[in-house]
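Accompanying notes for the structure given below.
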Protein chains: 2
Amino acid sequence: MSDQANLRVQRLRDAGYKLTNARLTILTILEQHGGHMTSADVLEEVDAVAPEIGRASVFRSLDLFTRLSLIRPTYINDSSTPTYVLLPGGHHHHIICTNCDRVIEFEDCHLEKLEHELEQKFRVRLTGHLLEFYGLCDNCAARQPD
Amino acid sequence: MSDQANLRVQRLRDAGYKLTNARLTILTILEQHGGHMTSADVLEEVDAVAPEIGRASVFRSLDLFTRLSLIRPTYINDSSTPTYVLLPGGHHHHIICTNCDRVIEFEDCHLEKLEHELEQKFRVRLTGHLLEFYGLCDNCAARQPD
DNA sequence: TCCCTGGTGAGACATGATCTCAATTGCGGT
DNA sequence: ACCGCAATTGAGATCATGTCTCACCAGGGA
């Protein structure tokens with residue numbers, strides 16, 4: 001198991017949640033796919049790997065992980081099904097092409113400073129963030145000059 | 001009609017879409033509510049204001065506005081219904097409390113520089129962005145010390 | 001090892017979004 | 001101002017997705 005994965009398990013335990021088979025299995029699946037999965041993808045994979053785990057538990061786990069800022073649901077393709085992204089180290093950043101739905105990930109965000117400012121200004125305790133840019137990818141931009 | 005609203009109508013027209021009654025009505029509703037609406041909220045309001053507009057058109061319009069970066073769906077309360085946020089001037093920023101779902105909006109993001117860097121690096125044309133921080137709001141942080 | 005409470009699984013159910021297709025309407029051209 | 005046509009719409013059936021209930025089970029502290 002990767003260090004990142006251990007960190008996540010740790011976070012579950014620290015928050016007082018039991019390390020059940022369902023939760024660990026689903027967490028592992030998310031890890032292995034490295035980031036972008038729709039709920040349908042997760043359901044399918046769970047069914048393939050551990051069919052004894054019920055649908056309800058999958059949704060419950062995804063909700064729980066979201067509350068713990070381990071993952072975050074976002075809209076990528078259609079507007080009806082969430083795509084969950086892993087938040088390794090608490091954050092994730094990507095560009096979504098609004099024409100072809102391609103996703104381009106990038107690393108740097110330089111948001112540490114802003115994060116601190118916000119924590120002081122609003123007296124909140126922040127555990128993660130997601131930054132999404134929207135626009136046209138190189139292919140689509142080339143085809144649609146303006 | 002506000003300048004912002006005119007800008008959005010302009011954007012619709014420029015992209016070659018017809019300014020139909022359904023689209024203009026829905027856009028106006030989004031404007032008037034100033035930002036956060038779930039699809040259910042929009043449906044309800046449409047039904048109150050212009051009951052002749054069908055459900056399908058509402059979803060079609062929301063999808064269209066999303067593609068044009070006028071709005072952006074995001075998950076705030078549960079993970080099953082999207083909340084649409086207006087992207088005035090192309091961007092929006094907020095903090096979501098992962099415990100009580102309170103949303104705190106803030107203005108500054110200082111992301112112009114990063115946006116330019118990304119446009120050059122990936123040869124994309126960006127039209128908007130959404131920045132979400134997750135964590136505990138002041139109330140919830142106070143109750144859950146650690 | 002025991003116990004208790006949080007968590008689980010099955011499946012019925014509710015809600016939310018999509019699809020189809022004939023009818024309508026914006027809007028460019030004349 | 002009018003025409004014509006492609007884009008868009010509205011109704012409702014249909015489909016998909018997530019939720020709820022409840023009896024049962026299992027993780028983990030004592």
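This one's a predicted model, so the numbers in the text were calculated from it and none came from an experiment. Proteins come first, then strands; the chains are lettered A, B, ... in the order of their sequence lines, and each starts at number 1.
Bending across the helix from C:dT1-D:dA30 to C:dT30-D:dA1, expressed as the angle between its end axes from five pairs apiece, amounts to 60° (10° rounding).
Partners of B:Arg60 by side-chain contact (heavy atoms from CB on, under 4.5 Å), not counting sequence neighbours, listed by chain and number: B:Ala56, B:Ser57. For A:Gln10, the side-chain contact (heavy atoms from CB on, under 4.5 Å) partners at least two apart in sequence or on another chain are A:Arg13, A:Asp14. In this view, A:Lys121 satisfies the side-chain hydrogen bond (donor to acceptor under 3.5 Å, both in side chains) rule with no residue, not counting sequence neighbours. Residues passing the side-chain contact (heavy atoms from CB on, under 4.5 Å) test with A:Ala15, sequence neighbours excluded: A:Tyr17, A:Leu68. B:Asn21 meets the side-chain contact (heavy atoms from CB on, under 4.5 Å) test with B:Thr25, B:Glu52, B:Ile53; sequence neighbours excluded.
Residue pairs meeting the side chain to side chain donor-acceptor pair (under 3.5 Å) criterion with at least one partner in residues 40-51 of chain A, sequence neighbours excluded, are A:Thr38-A:Asp41. Applying the ring-ring contact (aromatic ring centres under 6.0 Å, His included) test to pairs two or more places apart or on separate chains, those with a residue in residues 33-55 of chain B are B:His36-B:His92, B:His36-B:His94. Screening residues 15-38 of chain A for salt bridge (charged side-chain N to carboxylate O under 4.0 Å, His left out), with sequence neighbours left out, gives A:Arg8-A:Glu31.
In this structure, A:Asp101 does not pair ionically with B:Arg67, as no charged nitrogen and carboxylate oxygen lie closer than 4.0 Å. Between A:Lys113 and A:Glu117 there is a salt bridge, with a side-chain nitrogen of the basic residue lying less than 4.0 Å from a carboxylate oxygen of the acidic one.
The nucleotide whose nearest atom lies closest to any side-chain atom of A:Ala22 is, among D:dT9, D:dG18, C:dG9, C:dG9.
The distance from atom CZ of B:Phe59 to atom C1' of D:dG10 is 14 Å, rounded to the nearest whole Å. Here the P atom of nucleotide D:dT17 and the CG atom of A:Leu62 are 14 Å apart, to the nearest Å. For the pair A:Leu12 CG and D:dG28 C1', the interatomic distance rounds to 15 Å; values are reported in whole Å. Distance, B:Arg55 CZ to D:dA13 C1': 10 Å, rounded to whole Å. Rounded to whole Å, the distance from CD on A:Glu52 to P on C:dT8 is 12 Å. Distance, A:Leu24 CG to C:dG7 P: 13 Å, rounded to whole Å. In this entry the distance linking CG of A:Asp63 with P of D:dG18 reads 10 Å, nearest Å. Counting to the nearest Å, the P atom of D:dA7 and the CG atom of B:Leu64 are 14 Å from each other.
Nucleic acid contact for B:Leu43: none, since no nucleic acid atom lies under 4.0 Å from a heavy atom of the residue.
When each of A:Ser61 and B:Ala40 is assigned the nucleotide of DNA chain C with its nearest heavy atom, A:Ser61 is the one assigned upstream, toward the 5' end.
With a 4.5 Å cut-off between side-chain heavy atoms of Ile, Leu, Val, Met, Phe, Trp and Tyr, the cluster of A:Leu114 takes in A:Ile95, A:Ile104, A:Phe106, A:Leu111, A:Leu118, A:Phe122, A:Val124, A:Leu126, A:Leu131, A:Phe133, B:Ile95, B:Ile104, B:Phe106, B:Leu111, B:Leu114, B:Leu118, B:Phe122, B:Val124, B:Leu126, B:Leu131, B:Phe133.
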Sort me out a list of protein N/O and nucleotides 23-25 of chain D N/O pairs below 3.5 Å, or just none if empty.
none

5' to 3', nucleotides 19-30 of chain C under a 4.0 Å protein heavy-atom cut-off (B base, S sugar-phosphate only, - none) gives BB-----BS---
Where do B:His110 and A:His110 land on the ring-ring contact (aromatic ring centres under 6.0 Å, His included) test, with the steps shown first?
CA-CA 10 Å; B:His110 315 297; A:His110 314 298; over 10 Å; no
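A sub-4.0 Å separation between OP1 or OP2 of D:dA16 and a side-chain N or O of A:Thr81 is absent.
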